[in-house]
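These figures come from a predicted structure and were not determined experimentally.
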Amino acid sequence: MMAKQALIYTVEVDGKPILAFDGHAREAAELCREAWFRSDLNELSSNGDPLCLPGSTIKTRIANEDEMAAYREAAKEAKAPDEILFAYLVELDGMPE
């Protein structure tokens, strides 16, 4: 049996594409349920609006061509390939400390 190949997924918050990452279907589904992930998204904002609110719906889907291109571009510049890479598809106001 062949190992399943990783794909690029997009995370949507309330239907809006927020970030892309590379992983497997199980990882993509589990990520949406992780408290740390929701907490991180709650702390980030774009143009003064929070990326995620406490009641927001977070879903993953396979990335479209533009989202895949954005991820691949971010991956070229990444310095820590051993960690999961999130390529944000929105402009962030600033990273929390």
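Cys52 is listed as a side-chain neighbour of Ile58, based on a closest heavy-atom distance under 4.5 Å. Between Phe21 and Leu85 there is no side-chain heavy-atom pair separated by less than 4.5 Å.
Of the inter-residue distances, the one linking Asp49 atom CG with Leu44 atom CG reads 13.0 Å to the nearest 0.5 angstrom. One finds the CG atom of Leu92 at 12.5 Å from the CD atom of Glu43 (value rounded to the nearest 0.5 Å). Atom CG in Leu31 sits 6.0 Å away from atom CD1 in Ile84 (nearest 0.5 Å).
Among residues two or more places apart in sequence or in another chain, the side chain to side chain donor-acceptor pair (under 3.5 Å) test is passed with Asp14 by Ser56. Judged as a side-chain contact (heavy atoms from CB on, under 4.5 Å), and not counting sequence neighbours, the contacts of Glu73 are Lys76, Glu77. Applying the side chain to side chain donor-acceptor pair (under 3.5 Å) rule to Thr60 yields no partners; only residues at least two apart in sequence or on another chain are considered.
Legend: ring pair (Phe, Tyr, Trp, His ring centres under 6.0 Å) pairs involving residues 38-66, not counting sequence neighbours: none detected. The list of salt bridge (charged side-chain N to carboxylate O under 4.0 Å, His left out) pairs with a residue in residues 18-29, not counting sequence neighbours, reads Arg26-Glu30. Pairs engaging residues 34-65 under the ring pair (Phe, Tyr, Trp, His ring centres under 6.0 Å) rule: Phe37-Phe86 [sequence neighbours left out]. Residue pairs meeting the salt bridge (charged side-chain N to carboxylate O under 4.0 Å, His left out) criterion with at least one member in residues 59-71, sequence neighbours excluded: Glu12-Arg61, Arg61-Glu67. The ring pair (Phe, Tyr, Trp, His ring centres under 6.0 Å) pairs that include a residue from residues 58-79 number zero, where partners must be two or more places apart or lie in different chains.
Between Ile8 and Ala20, the shortest heavy-atom distance links the atoms CG2-CB, 4.2 Å. In terms of heavy-atom proximity, Val90 sits nearest to Pro17 at CG1-O, 3.7 Å. The two atoms that bring Leu41 and Val13 nearest to each other are CD1-CG2, 4.1 Å, heavy atoms only. Counting all heavy atoms, side chain and backbone alike, Ala70 lies closest to Ala87 at O-CB, 4.2 Å.
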Under the side chain to side chain contact (heavy atoms under 4.5 Å, CB included) rule, what do Ile62 and Met68 come out as? Steps first, then yes or no, please. CA-CA 9 Å; Ile62 294 176; Met68 287 181 195; 4.3 Å; yes

Do Ser45 and Leu51 pass the side chain to side chain contact (heavy atoms under 4.5 Å, CB included) test, and can you show the C-alpha distance, the side-chain angles, and the key distance before you say yes or no? CA-CA 5 Å; Ser45 62; Leu51 293 188; 5.7 Å; no

Verdict with reasoning, Leu89 to Thr10, per side chain to side chain contact (heavy atoms under 4.5 Å, CB included): CA-CA 9 Å; Leu89 303 171; Thr10 294; 3.9 Å; yes

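Without hydrogens or angle criteria, Tyr9 side chain to Ala25 main chain gives a donor-acceptor distance under 3.5 Å.
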